[in-house]
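Report on the following structure.
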Amino acid sequence: MPIHAIQASDDNFPKALTQLAQPITKLYVRGNLKALQLPALAVVGSRAVTNYGAEVTTRLINEVAWQSNIAIVSGLALGVDSLAHKAALAAHGTTIAVLPSGIEGIYPASHQRLAEQIIAQGGAVVSEYAGVMSPQKFHFIARNRIIAGLSQVIIITEATQKSGSLHTAQFGLEGGKEVLAIPGDIFRPNSVGTNNLIANGAHPVRSAQDILNFFNTSQQIERGDNQAEDTILKLLRKGQQHSQQLYQNSHLDVQVCAQTMTMLEIKGRIKNNRHGQWSIV
């Protein structure tokens, strides 16, 4: 996969990154550059995530990704970050991973496969550092400002009182972004950070719709009549695909996929051109 080095002067450079207190003027990208132009939700939280944190992150982000064209941005870290990326991928959504390391050195190394899946599904892996540079301690906080800068809305799903994810919330507040948090058990250390955010003015989140309400309704998508239709429509919103690609990318049974495509064509939702490529009508 080629590495794109984009400059602040380029049309496809996320302009919000040039307006940070510590501006970004060059970004290294593997994957889909168009992903960086989508409306985006940053999802961050504890690395040592609890069962509760894992459940709320997975369910809410999966629903947001299903119901919208919003990109999910996170840091590829253990815990909440990786769960958010995986939830978006499971919904055939777009997700962006921001590295604390050089663009050629995935960190943590155990998430190499996850990074490849993000790219294969139309997302992107980005870094402000070239090569295989190993992350230094200050790189993690620097990475968090990029996560905040790429997003319009930030949600912290679970965090301790001193969680590094709170830096992302602070960068978001400094940039005028909406900051959301999931309320948690007042007796659990992993909920202290999020509960404190809410006590200090962050918006509490009770459902995926609470998140979607902070985005323009045009970014929410018309659903299919069943999950198979949702899957095909979600894939085709990223661009036209051949029948074989849809079979492979949808992970549907071949017969179910073919029947679903036929029904969507009859309903006037998708069309097939002369070269066997399917697209949204």
Side-chain angles (χ1 to χ4, degrees), residues 1-44 65 68-77 81-82 84-85 88-89 92-109 111-136 138-154 167-168 171-172 174-178 215-216 219 235 237-241:
M1 174 64 66
I3 296 171
H4 307 279
I6 56 176
Q7 309 275 355
S9 57
D10 295 339
D11 290 340
N12 54 11
F13 191 89
K15 301 307 177 188
L17 297 184
T18 66
Q19 299 166 7
L20 300 173
Q22 294 177 297
I24 308 293
T25 57
K26 190 173 187 178
L27 199 65
Y28 298 94
V29 184
R30 291 174 59 196
N32 182 14
L33 288 172
K34 292 182 180 178
L36 303 181
Q37 305 303 321
L38 292 172
L41 170 70
V43 184
V44 292
S68 71
N69 289 321
I70 296 166
I72 303 302
V73 182
S74 198
L76 203 68
D81 289 23
S82 59
H85 291 306
L89 292 173
H92 299 283
T94 301
T95 182
I96 300 167
V98 184
L99 299 176
S101 57
I103 190 64
E104 296 182 55
I106 298 300
Y107 183 89
H111 284 165
Q112 176 70 43
R113 177 58 181 153
L114 178 56
E116 292 170 357
Q117 291 176 321
I118 289 170
I119 293 169
Q121 200 161 302
V125 175
V126 307
S127 175
E128 63 178 314
Y129 312 113
V132 293
M133 178 189 297
S134 297
Q136 303 300 311
F138 70 90
H139 287 167
F140 293 92
I141 295 178
R143 180 266 308 275
N144 290 348
R145 86 191 195 284
I146 299 177
I147 293 174
L150 287 172
S151 309
Q152 288 76 55
V153 179
I154 298 161
H167 290 293
T168 309
F171 286 127
E174 291 171 358
K177 310 297 179 72
E178 296 287 357
F215 289 90
N216 190 302
Q219 290 148 5
L235 290 170
R237 286 190 183 94
K238 296 184 178 183
Q240 64 180 13
Q241 295 189 33

>> Determine whether V44 and N144 satisfy the following criterion, side-chain contact (heavy atoms from CB on, under 4.5 Å), listing intermediate values before the conclusion.
In response: CA-CA 9 Å; V44 292; N144 290 348; 5.6 Å; no
>> Between V126 and Y28, does the side-chain contact (heavy atoms from CB on, under 4.5 Å) criterion hold? Intermediate values first, please.
In response: CA-CA 6 Å; V126 307; Y28 298 94; over 6 Å; no
>> The test is ring pair (Phe, Tyr, Trp, His ring centres under 6.0 Å); show your working for H139 and Y129 and say whether it passes.
In response: CA-CA 10 Å; H139 287 167; Y129 312 113; 4.3 Å; yes
> How far apart are the C-alpha atoms of T168 and I154, what are their side-chain angles, what is the distance that settles it, and do they pass the side-chain contact (heavy atoms from CB on, under 4.5 Å) test?
Replying inline: CA-CA 8 Å; T168 309; I154 298 161; 4.2 Å; yes
> Under the side-chain contact (heavy atoms from CB on, under 4.5 Å) criterion, do L89 and I118 qualify, and how do the steps go?
Replying inline: CA-CA 7 Å; L89 292 173; I118 289 170; 4.2 Å; yes
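Formation of a donor-acceptor pair under 3.5 Å by the T18 side chain with backbone atoms of K15 is found in this model. A donor-acceptor distance shorter than 3.5 angstrom exists from the side chain of N32 to the backbone of K34, with no hydrogens or angles considered. Looking only at distances, no side-chain donor or acceptor of Q7 sits under 3.5 Å from a matching main-chain atom of K26. Judged purely by atom type and a 3.5 angstrom limit, E178 has no side-chain atom pairing as donor or acceptor with the backbone of V153. Using a distance-only test at 3.5 Å, with no hydrogens or angles considered, a donor-acceptor pair links the side chain of Q37 to the main chain of N12. Remark: the backbone N or O of I119 is not paired with any side-chain donor or acceptor of R30 at under 3.5 angstrom. Panel note: side chain S127, backbone S101; a donor-acceptor pair is recorded below 3.5 Å.
Side-chain contact between I70 and L38 is absent, with no heavy-atom pair separated by less than 4.5 Å. Residues F171 and I141 form a side-chain contact, since some pair of their non-hydrogen atoms from C-beta on lies under 4.5 Å apart. Put simply, the side chain of L150 reaches to within 4.5 Å of the side chain of V98, judged on heavy atoms. You'll find the side chain of L76 reaches within 4.5 Å of the side chain of L114, heavy atoms only. Between I72 and T94 the shortest side-chain heavy-atom distance does not fall below 4.5 Å. Under the 4.5 Å side-chain criterion, counting only non-hydrogen atoms from C-beta, T95 is not in contact with V73. No side-chain heavy atom of S68 sits less than 4.5 Å from a side-chain heavy atom of L41.
Here the CG-CZ distance, from L99 to R143, works out to 8.0 Å after rounding to the nearest 0.5 Å. Rounded to the nearest 0.5 angstrom, L36 CG and I6 CD1 are separated by 5.5 Å.
Residues satisfying the salt bridge (charged side-chain N to carboxylate O under 4.0 Å, His left out) criterion with E116, sequence neighbours excluded, are R113. Annotation: side chain to side chain donor-acceptor pair (under 3.5 Å) contacts of R145 (sequence neighbours excluded): E128. In this structure H4 satisfies the ring-ring contact (aromatic ring centres under 6.0 Å, His included) test with no other residue, sequence neighbours excluded.
Closest heavy-atom contact between G149 and A16: O-CB, 3.4 Å. Shortest non-hydrogen contact noted between A35 and G122 is CB-O, 3.9 Å. For H111 against S82, the heavy-atom pair with the smallest separation is CE1-CB, 3.5 Å. The minimum heavy-atom distance linking A5 with D10 is given by the pair O-OD2, 4.4 Å. Between A65 and G93, the shortest heavy-atom contact is CB-CA, 4.5 Å. Contact between I106 and Q112 at its shortest, heavy atoms only, is CG1-OE1, 3.2 Å.
With a 6.0 Å radius and a threshold of 12 heavy atoms from other residues, nucleotides or ligands, E174 has its CD atom above the threshold.
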